[in-house]
Each structure stands twice: as C-alpha cells, then as structure tokens.
Protein chains: 2
Amino acid sequence: MPKSTQSAVTNLVRNDPPVIRRRGASPEKTAMTRQSIVDAALAEFLEKGFANTTIETVAKRAGVAKGLIYRYFIAKEALFSAVVQQEIVNAHIDTDDAKRAPNESVEDFLRRTLVVSIHQIEKKSRADIARVVITEGARFPAIAEIYRRDVIEPLLLKVKRLAMAARKSGELKDDRLVKNPHLLLAPVWAGIVINKFLDRAHPVNIGELFETQLDMIFSKVAA
Amino acid sequence: MPKSTQSAVTNLVRNDPPVIRRRGASPEKTAMTRQSIVDAALAEFLEKGFANTTIETVAKRAGVAKGLIYRYFIAKEALFSAVVQQEIVNAHIDTDDAKRAPNESVEDFLRRTLVVSIHQIEKKSRADIARVVITEGARFPAIAEIYRRDVIEPLLLKVKRLAMAARKSGELKDDRLVKNPHLLLAPVWAGIVINKFLDRAHPVNIGELFETQLDMIFSKVAA
DNA sequence: GACAAAAGTGACCGCAAAGTCATTTATACC
DNA sequence: GGTATAAATGACTTTGCGGTCACTTTTGTC
C-alpha cells in the first residue's frame with residue numbers, strides 16, 4: 001500500500017484534491033484552543049505579572065494540560081508576547097480615527113474623540129494592559145517597543161498634528177503643545193501610575209484630570 | 001566559675017557593669033556589614049528588579065557569604081523591604097522644606113524649590129527608586145504604601161496648601177489646582193513612565209515638562 | 001472499521017535559586 | 001593565652017517551575 005501523503009504512482013491518474021488533507025484536526029477547534037490558552041494567560045498575567053504566573057496555572061485555567069501549551073507556544077515568553085500583542089491590537093481596533101469636521105475646532109474635536117475614549121480607559125482593561133507593559137517592560141524591551149510603536153507613537157503624532165493645526169488657526173496662542181505633545185497625555189500616564197501602582201485606595205479620575213488639562217492648554221477659564 | 005551573663009550569687013557584690021557585655025562583636029562593624037549588604041542589594045535590585053536578583057549575587061557584590069545575609073534578613077523580601085525603605089527615607093531627608101518668604105509669590109516659591117529638585121530627579125536615582133516601587137509595587141503592597149505615605153502624600157499636601165494660598169491671594173484664578181493637586185505633578189509621573197519604561201531611547205525632559213506645566217497653571221504666556 | 005495524523009496528556013527531568021546548618025573564624029573580656 | 005560569644009562561611013537540602021516526551025485520545029478520510 002502506498003503512503004497516501006506522497007502521490008504514489010498508482011494514484012497519479014486519480015484527481016488528488018489539491019488541498020492538503022488534514023486528519024485528526026479541525027482548524028477552527030485548534031484556533032479555539034489557542035484562544036482559550038491566550039485568554040487564560042491574559043487573566044493570569046494581569047493578576048500576577050509575568051514572573052509569578054506559572055504555566056501550570058494557565059493550563060488549569062484554560063482547561064488543558066500543561067504540555068499542550070508548548071504545542072502552541074515555544075516558551076512562556078512567547079505566550080506572554082502573544083497575549084500582549086493581541087491586547088494591543090484590540091486596543092488599536094477601537095481607537096477612533098475619526099476625522100475632524102470642516103469647521104470643527106481642534107478643541108471640540110478632542111473633546112468629541114479623545115476625551116470620550118480616555119473616560120473609558122479604565123473599563124476594558126486598557127489601563128491594565130498599560131500596567132503590565134510598564135511592569136514587565138524592563139524585562140521585555142521588545143514588548144515595550146511594540147507598545148511604543150503601536151500605541152504611544154501614533155497618539156503622539158495625532159496630538160502633534162492637531163496642535164500644529166490649532167496653532168495655525170490661532171486657536172492655540174503658543175507652541176507649548178507642539179513642542180511637548182506629551183503634555184496633553186501626561187495626566188493619563190500619571191493617573192495610571194497613581195491608580196494602578198501607588199495609591200489604589202484613592203484613585204484619581206483620569207478623565208476629569210485629562211479634561212482639566214485640556215481646559216488649561218486651551219486657556220479655558222474655569223467655572 | 002559562674003556564668004557571667006546571669007548574676008551568680010558569688011558575684012552579687014561586685015559591680016557588674018550594667019551594660020550587657022558583648023563578645024566577638026562590635027556594633028559598629030556589624031552595622032557596616034549590614035550596610036554593605038543593603039548597598040549591594042540596592043544596586044542589584046535597581047539593575048534587575050526583585051525577581052531577577054539572586055541572594056548569591058548580592059552576597060558576592062557585598063563581599064560576604066550567602067549565609068550571612070540570612071543572619072541580617074530573614075528572607076529575600078525582608079532585604080528588599082529594608083532597601084526600599086532606606087532609599088525612601090534618604091529621599092525624604094533632602095526634600096526641601098523651605099519656607100516661603102513673606103512677600104514671595106507661590107509661583108516664585110515653586111520655581112525656587114520644586115522646580116530645582118525636579119530638575120535633579122534623574123540624578124541621585126530618585127526616579128529609579130520610583131521605577132522600582134512601581135515595578136514591584138503590585139507584588140509588595142506594603143512598599144507602595146510606604147512610598148505613598150512618605151513621598152506622595154506629603155508632596156500632595158504641600159501642593160494643595162500652596163494652591164489654596166495662591167487662590168486666596170488671587171495669584172490663581174480658579175480652583176483647578178486645589179481640586180486636582182495631582183495636576184502639577186502629572187508631568188513628573190508621566191516623564192518617569194516614558195523615560196524608564198516605555199521609551200528609553202527618546203527620553204523627555206522632565207524638568208522642562210514640569211516647568212511648562214507650571215507656566216500653564218499660572219497662565220503664563222509662553223515665549 | 002481501519003488508518004494516519006494531529007491534538008492532547010501528565011509524569012518526569014533538570015536546574016536555578018531560596019533557605020539551612022554544622023563548622024570555622026574573629027573579637028572582646030578575664 | 002584561655003574562653004565565651006557572635007560573626008561569618010559555604011556545602012548541602014529543598015523547592016518550585018519551565019520545559020520535554022513517550023504515550024493516549026480524538027478526528028477526518030478511505
């Protein structure tokens with residue numbers, strides 16, 4: 001009997017299906033298993049950080065055996081990497097790339113888009129991902145780099161462009177934000193640090209902080 | 001021969017020195033050894049974080065044997081705790097508690113004191129201590145708590161008081177800073193996050209960021 | 001039902017590092 | 001110099017966990 005995988009001479013005439021026959025597997029189920037591992041790992045990493053998460057626990061949580069995880073990820077680090085990347089991509093998807101309306105001021109545009117998404121930062125574990133990246137970033141420069149490239153850099157660019165537009169139109173009266181686009185986001189980072197690391201018992205309202213910063217930058221007189 | 005430690009009957013007449021006699025030890029040298037262990041541990045923890053630092057390496061760096069460390073600290077965590085506490089106390093010592101001169105404006109006072117010390121934040125490894133507290137804070141709530149109590153809380157209180165004074169004197173025209181004293185420090189936390197975790201290749205100038213924030217808060221018109 | 005191939009299992013291995021302890025060395029007092 | 005006590009040592013024990021692998025189960029095809 002010929003081995004079926006290699007086209008044997010006797011079989012040459014028959015039209016072998018061009019697709020590779022797969023036995024003992026269905027791509028959908030494989031994908032689901034993989035996903036359940038990633039989900040379990042995400043939860044564990046969020047709870048305990050990289051060093052304190054064990055593969056065994058992840059496996060238990062995902063309802064699979066330890067060994068299986070190594071069929072999907074060559075090492076613990078690869079699993080971590082996959083988890084973080086997925087979350088960054090997820091965060092990316094729902095980032096507004098709304099366009100500014102023809103007559104809309106930069107300030108109004110920011111209030112309509114950024115303010116809204118920053119008010120939601122603490123739901124959807126967006127802040128928690130930032131927390132993990134911060135916590136493990138020193139140990140995994142590659143992950144910090146991905147985060148920087150896919151989250152921070154685009155945000156900064158957006159802010160800078162808007163700042164320049166506002167400067168040109170006279171909406172902003174100085175170059176502060178153009179020079180230091182970080183200034184707008186500063187309350188967000190500060191809020192994450194305070195709420196996630198330093199003072200969980202007395203969380204600050206990141207959205208409110210951010211709005212106040214916006215007021216100041218656009219020289220709004222406060223109530 | 002009576003045991004010298006317990007007062008034996010035969011010795012009752014002799015004036016036993018009231019101080020406990022210590023043999024084979026000099027308190028000074030013991031203190032020095034302890035300090036050299038803490039110093040070595042500080043360096044190691046700063047370089048590699050808690051999980052990646054080994055007691056053996058600390059011992060080598062301190063020039064002592066591994067076992068000795070356990071005579072001074074019951075466990076690795078105790079050592080870590082001691083290190084961080086010492087540094088927080090050190091940071092505390094050189095925190096200016098300068099008084100505001102009779103006719104000095106709040107803004108001038110802040111520029112004379114806080115701005116100066118924040119410009120120095122990256123020297124003297126002040127930012128690195130913050131980094132370690134942030135990195136390990138999730139795993140060691142006690143340390144985050146100490147940091148909060150001894151560093152953040154006093155700073156916030158100072159800012160709040162000054163904001164209220166400035167509000168009263170008319171130097172500030174709104175309650176923003178009184179309500180959100182975090183706003184003043186936000187660029188500092190943001191700067192630490194950016195420089196130490198997320199974008200080491202493109203560090204922001206924390207001092208400059210902070211000064212710009214001060215300008216905005218006091219409604220300075222920029223150059 | 002027979003088969004092949006992939007999915008899935010969990011006992012096991014190896015190693016690194018925390019923590020121990022019997023022993024040796026240093027020091028202060030007589 | 002003798003001795004009691006504390007400091008210091010480092011070989012050893014213990015432990016936890018990442019990673020492996022020989023084996024079993026499931027699944028799709030003929």
Side-chain angles (χ1 to χ4, degrees), chain A residues 1-8 10-11 14-17 19-37 40-41 44-45 48-60 62-81 139, chain B residues 1-6 8 10-11 14-17 19-37 40-41 44-45 48-80:
Chain A
M1 296 297 174
K3 297 288 173 72
S4 65
T5 312
Q6 279 299 348
S7 56
T10 41
N11 272 349
R14 302 197 114 238
N15 51 348
D16 294 313
V19 294
I20 298 147
R21 270 89 185 333
R22 301 170 52 85
R23 305 189 210 202
S26 98
E28 301 78 31
K29 208 205 159 197
T30 300
M32 279 179 62
T33 305
R34 192 193 150 94
Q35 191 58 48
S36 73
I37 290 169
E44 290 287 315
F45 285 137
K48 305 191 252 181
F50 181 83
N52 286 23
T53 292
T54 72
I55 294 290
E56 189 117 30
T57 319
V58 173
K60 209 164 273 170
V64 301
K66 185 182 177 184
L68 187 59
I69 291 182
Y70 288 91
R71 283 182 121 349
Y72 289 85
F73 305 94
I74 41 144
K76 190 184 177 187
E77 295 200 4
L79 174 58
F80 182 70
S81 220
R139 219 114 53 213
Chain B
M1 295 297 175
K3 297 287 172 71
S4 63
T5 312
Q6 277 300 347
T10 42
N11 271 350
R14 299 196 112 236
N15 52 349
D16 292 315
V19 294
I20 298 147
R21 269 86 183 341
R22 300 169 53 87
R23 304 193 210 198
S26 97
E28 302 78 31
K29 207 203 161 198
T30 300
M32 280 180 60
T33 305
R34 194 192 148 93
Q35 191 57 47
S36 73
I37 291 169
E44 289 287 313
F45 285 137
K48 305 191 254 183
F50 180 81
N52 286 23
T53 292
T54 73
I55 294 292
E56 187 117 31
T57 319
V58 173
K60 208 164 275 170
R61 190 160 190 155
V64 300
K66 185 181 176 183
L68 187 60
I69 290 182
Y70 287 92
R71 286 183 86 55
Y72 289 86
F73 305 95
I74 41 144
K76 191 183 175 186
E77 295 200 3
L79 174 58
F80 181 69

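To find a chain, count down the sequence lines: A is the first, B the second, and so on, and within it residues start at 1.
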Report task. Starting from the 5' end of DNA chain D, give me the residue, Phe50(A) or Gly63(B), whose nearest nucleotide shows up first. Result -> Gly63(B)

**Report entry** For atom CE of Met32(A) and atom P of dA7(C), their distance in whole Å
**Finding:** 15 Å

**Report entry** Whole-Å distance separating the CZ atom of Arg34(A) from the P atom of dA6(C)
**Finding:** 18 Å

Query raised in the report: Rounded to the Å, how far apart are Glu56(B) CD and dG10(D) P?
Result: 10 Å

**Report entry** Rounded distance (Å) that lies between atom P of dT20(D) and atom CD1 of Ile69(A)
**Finding:** 13 Å

Query raised in the report: Taking only N and O in the side chain of Thr30(A), is any of them less than 4.0 Å away from OP1 or OP2 of dA7(C)?
Result: yes

Query raised in the report: Hey, mind stepping through Phe80(B) and Thr53(B) against side-chain contact (heavy atoms from CB on, under 4.5 Å) and telling me if it holds?
Result: CA-CA 10 Å; Phe80(B) 181 69; Thr53(B) 292; over 6 Å; no

Query raised in the report: Do other residues, nucleotides or ligands put more than 12 heavy atoms under 6.0 Å from the NZ atom of Lys60(B)?
Result: no

Query raised in the report: Starting at OH of Tyr72(B) and ending at C1' of dG19(C), how long is that distance when rounded to a whole Å?
Result: 18 Å

Report task. When you get a sec, tell me which of dA7(C), dT27(C), dG18(D) is the closest nucleotide to the side chain of Arg71(A)? Result -> dA7(C)

Report task. Tell me whether the OP1 or OP2 atom of dA8(D) has a side-chain N or O from Lys29(B) closer than 4.0 Å. Result -> yes

Query raised in the report: Which nucleotide in the list dA18(C), dG18(D), dA7(C) gets nearest to the side chain of Leu68(A)?
Result: dA7(C)

Query raised in the report: What is the nucleic acid contact for Thr57(A), judged by heavy atoms within less than 4.0 Å: base, sugar-phosphate only, or nothing?
Result: nothing

Query raised in the report: Passes side-chain contact (heavy atoms from CB on, under 4.5 Å), Tyr72(B) versus Thr30(B)? Steps please.
Result: CA-CA 9 Å; Tyr72(B) 289 86; Thr30(B) 300; 3.6 Å; yes

Requested in this report: Mind checking Phe73(B) for me? I need base, sugar-phosphate or nothing, with any heavy atom below 4.0 Å counting as a touch.
Outcome: nothing

Query raised in the report: Hey, does the side-chain of Lys66(B) have a donor or acceptor N/O within less than 3.5 Å of a partner on the base of dA18(C)?
Result: yes

Query - Nearest to side-chain heavy atoms of Val64(B), which nucleotide of dA7(C), dA7(D), dT9(D) - result: dT9(D)

Query - Lys76(A)/Leu79(A) under side-chain contact (heavy atoms from CB on, under 4.5 Å): CA gap, chis, key distance, verdict - result: CA-CA 5 Å; Lys76(A) 190 184 177 187; Leu79(A) 174 58; 5.6 Å; no

Query raised in the report: In whole angstroms, how far is the C1' atom of dG16(D) from the CD1 atom of Ile55(A)?
Result: 14 Å

Query - Length of the OH-C1' vector between Tyr70(B) and dG10(D), whole Å - result: 13 Å

Query - Proximal nucleotide (of dA18(C), dG10(D), dG10(C)) relative to the Thr54(B) side chain - result: dA18(C)

Report task. Determine whether any donor atom in the side chain of Lys76(A) lies under 3.5 Å from an acceptor atom in the base of dG19(D), or the reverse, and answer yes or no. Result -> no

Report task. For Lys60(B) and dA8(D), give me the distance from atom NZ to atom P, rounded to whole Å. Result -> 19 Å

Requested in this report: Look at the side chain of Ala75(A) and decide which nucleotide, out of dG10(C), dG19(D), dT9(D), has an atom nearest to it.
Outcome: dG19(D)

Query raised in the report: How are the rings of Phe45(A) and Phe50(A) set relative to one another: parallel (under 30°), tilted (30 to 60°) or perpendicular (over 60°)?
Result: parallel

